[in-house]
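Note that this is a predicted model, so its numbers are computed, not measured. Each chain gets a letter, A, B and so on, in the order its sequence line appears, and its residues count up from 1.
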Protein chains: 2
Amino acid sequence: MPQRDPLREQIIAQYDAMSPQLQQAARYVLEHPDEVALVSMRELARHAAVQPATMTRLAKFLGKQGYDDIREHYVAALRRGSDGFAAKVRQRNEGARASANGNIAAHMLHGLSAQITRLCEPDSLQRLEAIANTLKSARKVYVLGLRSCHSVAWHFHYVMSLLGDRSVHLDGPAGTGGDALIRATPEDALLVVSVKPYAVATLELTQLAKDKGLTILSITDSEVSPLVGMSKQTIFCPTESDSFFHTLTPALAISEVLCTLLAEDDRSQALDALQRADEHFLSLNTYASAIPRRE
Amino acid sequence: MPQRDPLREQIIAQYDAMSPQLQQAARYVLEHPDEVALVSMRELARHAAVQPATMTRLAKFLGKQGYDDIREHYVAALRRGSDGFAAKVRQRNEGARASANGNIAAHMLHGLSAQITRLCEPDSLQRLEAIANTLKSARKVYVLGLRSCHSVAWHFHYVMSLLGDRSVHLDGPAGTGGDALIRATPEDALLVVSVKPYAVATLELTQLAKDKGLTILSITDSEVSPLVGMSKQTIFCPTESDSFFHTLTPALAISEVLCTLLAEDDRSQALDALQRADEHFLSLNTYASAIPRRE
DNA sequence: ACACAAATGATTCAAATGTTGCAACCACAA
DNA sequence: TTGTGGTTGCAACATTTGAATCATTTGTGT
């Protein structure tokens with residue numbers, strides 16, 4: 001929204017002077033300006049995981065007389081945006097720059113967006129669910145992804161490690177990455193991520209795991225990927241982009257969806273685990289400020 | 001507004017069957033759909049010069065259970081018009097949670113897709129290009145991203161390392177991650193990735209780099225992120241998802257776009273570098289088969 | 001003209017909203 | 001340790017909201 005918004009700027013300017021709770025409220029307002037106009041204050045507070053009173057206090061802090069002043073502002077902004085022609089101009093800009101101008105960035109982003117949308121096809125969803133179900137029942141989940149796929153593998157492992165200790169990342173210095181498989185059993189699963197060109201080491205480790213009786217699940221890029229034959233279940237991620245490189249964004253999206261499905265399987269336990277993680281990080285002073293969780 | 005609006009059409013269809021007062025209410029609703037979402041029923045009735053009860057009766061007449069059904073409809077329409085993504089995320093929270101797993105995945109993927117689409121706004125594109133330009137002229141590019149942001153930072157570094165030796169990843173075992181900054185100079189740039197909650201170590205290292213005169217560029221999640229004040233240029237990535245966790249998919253998309261912009265800046269050199277990398281990997285037998293590159 | 005049903009207006013009610021005051025709770029200095 | 005100033009959660013408050021109820025008016029058919 002390139003439109004000048006004095007209240008927004010005021011909030012940003014005074015943000016650093018706010019107390020933690022006020023910051024949390026302010027942040028939510030900044031990120032969801034429309035909500036301010038569309039829902040009640042109490043509901044807004046609920047979404048922002050803040051006491052209703054905090055919203056009032058935020059208003060006072062900003063020098064307003066009450067919360068309604070804030071809402072009035074965003075209602076006015078929304079009125080202007082919806083029936084005014086600002087929206088139309090904006091849309092035209094988007095369309096024009098995306099297609100005509102040959103803008104590389106916009107073009108690429110649109111492509112990525114489309115690729116992720118395509119993952120919503122029934123076949124993909126089914127595969128996602130199937131993999132998630134298998135992962136649920138595994139004793140340990142080993143995660144393998146080398147080279148470009150390291151980012152996906154690691155992210156999956158990182159999130160899973162917040163939820164429990166079932167995840168083991170097959171990576172390490174000095175070529176010790178596969179060592180963790182020493183203690184692997186047939187009750188375990190291996191989630192392997194690899195896209196073309198397929199790293200030899202990935203395939204070898206996967207074969208080893210398969211020989212040890214692990215259930216192999218894979219995120220890969222093609223029906224003819226060497227992983228398909230080794231895996232019990234596979235989910236395909238598009239990797240084509242209009243740059244020199246293939247993209248891993250859809251693969252990352254897939255891994256995030258898998259994490260979510262696993263967490264959603266037992267909400268309360270997931271919440272507990274996250275709670276514990278929060279406390280741990282808090283006592284370690286890992287993060288700059290308290291970690292707020294929604295709901 | 002070329003969008004199909006079933007409720008609007010229903011009102012029009014049943015308009016002739018309404019009593020005069022109902023017609024007056026309905027007419028006002030038709031002509032001021034935004035007001036329905038933005039003001040209370042009583043105020044709407046006042047503007048329409050109708051009794052409050054009439055609005056309730058209009059709702060019942062249309063087969064709805066109450067006036068809130070009507071308001072919900074127009075709120076949703078307004079959300080879609082101004083900010084397509086928030087609606088999708090919110091829908092799940094409000095809608096019955098009874099839906100099966102398939103829906104969670106599909107829903108989440110749609111949300112991610114929308115978030116990436118949103119990065120095509122002119123403001124974001126401008127920021128992307130600005131950061132890419134700064135990166136181009138840097139002597140070295142240090143890349144920093146800890147914890148959840150490691151995946152993004154590493155992926156950026158990995159791709160950049162295929163293109164040349166300007167990229168230095170600030171990470172390493174035994175807490176030596178920041179050591180590479182020892183040789184940093186003011187001609188260098190630091191690309192730092194961090195989203196809430198912001199890792200203290202990231203902020204400290206960034207501050208150190210800034211003190212050493214490096215140009216700070218950041219990928220972060222909010223206007224009020226602590227990185228904003230430290231950075232010369234910033235690009236914002238949405239991180240909200242309808243799961244417990246933040247999503248990093250948009251951040252990864254951003255980093256891939258940056259890589260592409262950098263590579264595209266000098267196509268021939270990029271192709272050369274990739275060619276050389278291919279030969280290297282070939283001689284090392286890193287990949288399972290010859291590495292095909294398009295174009 | 002009358003009767004009668006539909007439509008309208010006024011009144012009332014329970015639930016919610018935004019606000020306020022108070023008490024507990026920190027972090028931190030004396 | 002004990003204050004102390006600021007922050008936060010809680011509960012009570014007066015208002016307002018949307019809906020339900022009842023009385024009145026209106027229009028219509030015989």
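B:D123 has a carboxylate O that lies under 4.0 Å from a charged side-chain N of B:R127, or vice versa, which qualifies the two as a salt bridge. Using a 4.0 Å cut-off between charged nitrogen and carboxylate oxygen, A:R27 and B:D221 count as a salt-bridge pair. Note on B:E223 versus A:R8: salt bridge recorded, some NZ/NE/NH1/NH2 to OD/OE distance being below 4.0 Å.
Ring geometry for A:F281 versus A:Y287: interplanar angle over 60°, hence perpendicular rather than tilted (30 to 60°).
Using a 4.5 Å heavy-atom cutoff, the side chains of B:S194 and B:L146 are not in contact. Contact check for B:E35 versus A:R79: side-chain heavy atoms found under the 4.5 Å cut-off.
Taking every nucleotide of DNA chain D with any atom under 4.0 Å from a non-hydrogen atom of chain B, the first and last of them, 5' to 3', are D:dT17 to D:dT21.
Rounded to whole Å, atom P of C:dT19 lies 7 Å from atom NZ of A:K60. Counting to the nearest Å, the C1' atom of C:dT20 and the CE atom of A:M55 are 17 Å from each other. Atom C1' of nucleotide C:dA15 and atom CE of B:M41 are separated by 14 Å, given to the nearest angstrom.
Aromatic ring centroids of B:H150 and B:H169 lie under 6.0 Å apart.
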Identify each atom pair where a protein N or O and an N or O of nucleotides 8-11 of chain C are less than 3.5 Å apart, giving names and distance.
unit_1, atom_1, unit_2, atom_2, d
C:dT8, OP1, B:P20, N, 3.4
C:dT8, OP1, B:Q21, N, 2.7
C:dT8, OP2, B:S19, OG, 2.3
C:dG9, OP2, B:Q21, OE1, 3.2
C:dG9, N7, B:R57, NH1, 3.4
C:dG9, O6, B:R57, NH2, 2.5
C:dA10, OP2, B:Q51, NE2, 2.7

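Note: B:S241 OG to B:Q115 CD = 7.5 Å, rounded to the nearest 0.5 Å.
Residue A:S40 has no polar side-chain atom (N or O) positioned under 4.0 Å from OP1 or OP2 of C:dA16.
Toward the 5′ end of DNA chain D lies the nearest nucleotide of A:A17, the other residue of the pair A:A17 and B:R46 mapping further downstream.
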